Structure formats: structure tokens, C-alpha cells
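Okay, so here's the structure we're looking at.
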Amino acid sequence: MNYQQLEEICSSRDICIWGYGRVGKSYAYITLRCAAANILCYCDNNFRKNETFMGIPLLRKEELLEKSNIYVFIAIRDLTAQEEISLLL
């Protein structure tokens, strides 16, 4: 995905960052904010109740799957886990 494609996605859909570690809370957050994304939520397999980052809530994957018109930006380093999450979505 190039930056223009990222901007197009961010301008038409809400965003969920899947990954609540260093990659999700730093690299993905900064990149998506630069693209003027509306980051609706985070999601992670290691859910922690009432957790937020920069005012953005962490949701359970079941809550995420109930949402519509949301683009999930997978922001984790483990390639196997990335593929597993892609299949889940």
C-alpha cells in the first residue's frame, strides 16, 4: 500500500489498529494520524478492560467484528499472527 492509497482509505472509513504493543501505539498511530485517519479503536488478543491510548479505546475482537465500514490496520511484527488475524476478519 502506498501513501495515496492509505489516504483514500482513511478518508472514507473509520480505522481500527489491531496491535496494542509498540508497533500499534507508535508507528501505526503516527502514520495513520499523518494520513488524517479517524482511529476509532484498537484491538488486541491481549484485551485489558478500560484500556485506552491517546483517548482511543481498546476493544475485544468480538466488539470489533460487530462494527461495519471499518478498516483494520494490522500493526504487529509476527507474520504468522498477521495472517491469522487476516483470516479472522
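Values below: all heavy atoms of this structure, side chains included; hydrogens, waters and symmetry mates excluded. In this text the structure is predicted, and so the values were computed from the model without any measurement.
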Transitively linked via ILVMFWY side-chain contacts under 4.5 Å: M54 with W18?
-> no
If you measure from OH on Y42 to CD1 on I15, what distance do you get to the nearest 0.5 Å?
-> 12.0 Å
Nearest non-hydrogen partners of A35 and C10, listed with the distance | O-CB, 3.6 Å
Measure from the side-chain N and O atoms of Y20 to the backbone N and O of T52, and report whether any donor-acceptor pair falls under 3.5 Å.
-> yes
Validation row: L32, F73 side chains within 4.5 angstrom (heavy atoms) | yes
Is the closest side-chain heavy-atom distance between L64 and V72 below 4.5 Å?
-> yes
Taking the side chain as every heavy atom from C-beta outward, state whether L6 and E8 have any atom pair closer than 4.5 Å.
-> no
Tell me, please, whether F47 has K61 positioned over its six-membered ring: NZ or CZ under 6.0 Å from the ring centre and within 45 degrees of its axis?
-> no
Distance (rounded to the nearest 0.5 Å) between C34 SG and E7 CD | 10.0 Å
Can you tell me how far the CG atom of N38 sits from the OG atom of S11, to the nearest 0.5 Å?
-> 11.5 Å
Look at atom CD of E63 and say whether more than 12 heavy atoms of other residues, nucleotides or ligands are closer to it than 6.0 Å.
-> yes
Could you give the distance from CD (E66) to CZ (R60), rounded to the nearest 0.5 Å?
-> 11.0 Å
L65 versus L89: any side-chain heavy-atom pair under 4.5 Å?
-> yes
Flag the pair M1 / I9 as yes when at least one side-chain heavy-atom distance between them is below 4.5 Å, and no otherwise.
-> yes
Do any N or O atoms from the side chain of N2 and from the backbone of Q5 form a donor-acceptor pair under 3.5 angstrom?
-> yes
Side chains of Y71 and D14: closer than 4.5 Å at any heavy-atom pair?
-> no
Shortest non-hydrogen contact from N46 to L58?
-> O-CD2, 4.4 Å
Which pair of heavy atoms, one from N69 and one from S12, lies closest together, and at what distance?
-> ND2-O, 3.7 Å
Do Q82 side-chain atoms and I74 backbone N/O form a donor-acceptor pair below 3.5 Å?
-> no
Look up atom NZ in K25 and atom CG in D44, then write down how far apart they are to the nearest 0.5 Å.
-> 9.0 Å
More than 12 non-hydrogen atoms from neighbouring residues, nucleotides or ligands closer than 6.0 Å to CZ on R48, yes or no?
-> yes
Is the closest side-chain heavy-atom distance between R13 and I70 below 4.5 Å?
-> no
Nearest-0.5 Å distance that lies between atom SG in C41 and atom CG in L59 | 4.0 Å
Where is the tightest heavy-atom contact between I76 and G19, given as atom of each residue plus distance?
-> CG2-CA, 3.8 Å
Connected via hydrophobic side-chain network under 4.5 Å: L79 and I85 = no
Transitive ILVMFWY cluster of Y27 at side-chain heavy atoms under 4.5 Å: who else is in it?
-> V23
